[in-house]
Amino acid sequence: MATIITMPRLSDTMTEGTVATWLKKVGDKISEGDILAEIETDKATMEFESFNEGTLLHIGIPAGETAPVDSLLAIIGNEGEDISALLAGGAAPAAEAPKAEAAPAAETKTETAAPAKGATELPKGVVVVTMPRLSDTMTEGTVASWLKKVGDTVAEGDILAEIETDKATMEFESFNAGTLLYIGIQEGNTAPVDSLLAIIGPAGTDVSGISANYTAGGAASAPATEEVKAAPAAEKATETVAETSNGGRILASPLAKKIASDKGIQLTQVKGSGENGRIVKSDIENFTPAAAQAPAATVTAAAKSPEAAPAAAPKVFVPAGEVFTEEIKNSQMRKIIAKRLAESLFTAPHYNLVIEVSMDEAMGARATINTVPDTKVSFNDMVIKACALALKKHPKINSQWKEDAIIINHHVNIGVAVAVEDGLVVPVLKFTDAMSLSQIGASVRDLAGRAKNKKLGPQEMEGSTFTVSNLGMFGITEFNSIINQPNSAILSVGAIVEKPVVKNGQIVVGNTMMLSLACDHRTIDGATGAQFLQTLKQYIESPVTMLA
């Protein structure tokens, strides 16, 4: 049976997309996981994978054209299958769920989902909301918490739920107004992208038939159900997010978030004037950097370092003399970490190069820099800056492997590994070579703090060309990291150690640090990696050369 593929929402702010190029043509055989097209969003150009197998029967948006999210992108089915009925029903610009008949349904948010055979049309005004794809690599999501309950009135822009992806926990906004009639995935449950998440429509509408018959990609939706309750008194639809704030979650209207993102303003620095401290449009427009208070720039001691220590687990009582085990459910983040690092280690031939660096001059330079008011630079910031400059001199280190070519990146985006409670995230410093030491320091502290609070967006963790991982603050003197693909190399930074060293034929006390470079031998030869480390060593041992 043919399946309609709609324009995906590849970022949380994406409303339309442009097909940059089609990598398949009509008549081509499609396997699950094949790249169908490259789609340009409001943030980046991303590869769009197929979640279906079959033959590409129709292309709905030619290369170079732009269309709203959920527009008909393509149809995949059996070779020679008649899709005239689907084309007649899917020609509207808004997405429509394919039926067994040709009749289109009311507005539905779906990519590969369709109601089960025999299902009737959706009642007027009813909208099916499916598990969104909030990052380019997300295949399933976990509902961390519901911020609305069945029977609540939902306004466009309200936060429905917090969804845990493979990269972060993100707020999911409603694009529809009405009453929340049904919840398909309960808190803590995981489901594939496009599974039935919720149903929104007029109060009192019977949606039991929809929830019973709905399928996602041919699989039954989550079995969890709730009775549809009568809607409470209608709440006023305001610009602000009508939720309470617990655990440090920032309340801000969608418009305020968009303006803040465009202007590069951190919401943590803005004081909200709306109800319960909500940040609204006027707060962003009237914000000036001088208004930022000191607490907004402060992060916890655990978040000050790039590899901050995760929160300590609560103590568990273990009876003496008894076998006692504890099972912890794997989070989406932990599953993806396991998958990607295994793929990296077993597909990329790793080798490691180690070099010892004198830190005496770097320590003196850092002490001088930090005497400047409102300036705080760490040794890791100095290493990041040195890496950025060294990568410009040795671009082969700043590369990516593809089966038919090696991609040399002439821009430098350095990922900084940050430990969080559930695992590890790698926020990215874009165009690091153009940043000053103080800018790098401020950016790393900001990203690390927001990583701890799960406030990083997917776009802030994409596009790295090289990675730095630092365990020196834990007293680790030397270690080897696994490459963060598609990067070709990752630098492991150890602790600064005071020990006897030989200088000018004399044994004196010196401060040294071990650096280990893990390289992908497909792209980086040993001599190339060694030359990069020599340049890096020169920059770190004589920080003044980074100003040249």
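Everything numeric in this text was worked out from a predicted model, so none of it was measured.
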Please check this pair: side chain of [X] against backbone of [Y], looking for a donor-acceptor N/O pair closer than 3.5 Å.
X: Ser488; Y: Ser399; answer: yes
X: Thr371; Y: Thr368; answer: yes
X: Glu40; Y: Thr18; answer: no
X: Ser344; Y: Arg340; answer: no
X: Tyr351; Y: Asp525; answer: yes
X: Thr512; Y: Val357; answer: no
X: Arg450; Y: Thr268; answer: no
X: Asn398; Y: His411; answer: yes
X: Ser71; Y: Pro68; answer: yes
X: Glu541; Y: Gln538; answer: no

Of all the heavy-atom pairs spanning [X] and [Y], show the shortest one and how long it is.
X: Gly526; Y: His521; result: N-CE1, 4.3 Å
X: Ala489; Y: Leu517; result: CB-CD1, 4.0 Å
X: Met382; Y: Ala365; result: CE-CB, 4.3 Å
X: Gln485; Y: Ala348; result: NE2-CB, 3.2 Å
X: Thr130; Y: Leu197; result: C-CB, 3.7 Å
X: Pro8; Y: Ile39; result: CD-CD1, 3.7 Å

In sequence, state the C-alpha distance, the side-chain angles, and the governing distance for Ser492 and Leu515, and then conclude on side chain to side chain contact (heavy atoms under 4.5 Å, CB included). CA-CA 6 Å; Ser492 304; Leu515 301 176; over 6 Å; no
Side chain proximity check, [X] to [Y], heavy atoms < 4.5 angstrom:
X: Leu424; Y: Val418; value: no
X: Val468; Y: Ile490; value: no
X: Asn413; Y: Phe431; value: yes
X: Val19; Y: Glu38; value: no
X: Leu447; Y: Glu460; value: yes
X: Ile369; Y: Thr375; value: yes
X: Ile406; Y: Gln400; value: no
X: Glu173; Y: Leu160; value: no

Thr535 side chain to His394 side chain, donor-acceptor N/O pair below 3.5 angstrom: yes
Can you tell me if Asn480 and Ser516 form a side-chain donor-acceptor pair at under 3.5 Å? yes
In sequence, state the C-alpha distance, the side-chain angles, and the governing distance for Thr467 and Ile414, and then conclude on side chain to side chain contact (heavy atoms under 4.5 Å, CB included). CA-CA 5 Å; Thr467 308; Ile414 294 183; over 6 Å; no
Once rounded to the nearest 0.5 Å, what's the spacing between atom [atom1] of [X] and atom [atom2] of [Y]?
X: Phe172; Y: Leu147; atom1: CZ; atom2: CG; value: 12.0 Å
X: Leu533; Y: Cys519; atom1: CG; atom2: SG; value: 7.0 Å
X: Gln531; Y: Ile524; atom1: CD; atom2: CD1; value: 12.0 Å
X: Ile61; Y: Glu16; atom1: CD1; atom2: CD; value: 10.5 Å
X: Lys503; Y: Ser358; atom1: NZ; atom2: OG; value: 4.5 Å
X: Ile384; Y: Ile440; atom1: CD1; atom2: CD1; value: 6.5 Å

Which is it for Met514 and Val497 under the side chain to side chain contact (heavy atoms under 4.5 Å, CB included) test, yes or no, and what are the steps along the way? CA-CA 9 Å; Met514 302 299 293; Val497 177; over 6 Å; no
Can a salt bridge be assigned to the pair [X] and [Y] using a cut-off of 4.0 Å between side-chain N and carboxylate O?
X: Asp381; Y: Lys385; value: no
X: Arg522; Y: Asp520; value: yes
X: Lys393; Y: Asp433; value: no
X: Lys430; Y: Glu462; value: no

Between Arg366 and Glu361, does the salt bridge (charged side-chain N to carboxylate O under 4.0 Å, His left out) criterion hold? Intermediate values first, please. CA-CA 9 Å; Arg366 175 177 178 264; Glu361 287 197 32; over 6 Å; no
Between Ile482 and His350, is a side chain to side chain contact (heavy atoms under 4.5 Å, CB included) present by the stated rule, with each step listed? CA-CA 8 Å; Ile482 298 174; His350 285 54; 3.8 Å; yes
Quick check on Ile507: does its CD1 atom have over 12 non-hydrogen neighbours (other residues, nucleotides or ligands) under 6.0 Å away? no
Is the distance between the ring centroids of Phe532 and Phe466 less than 6.0 Å? yes
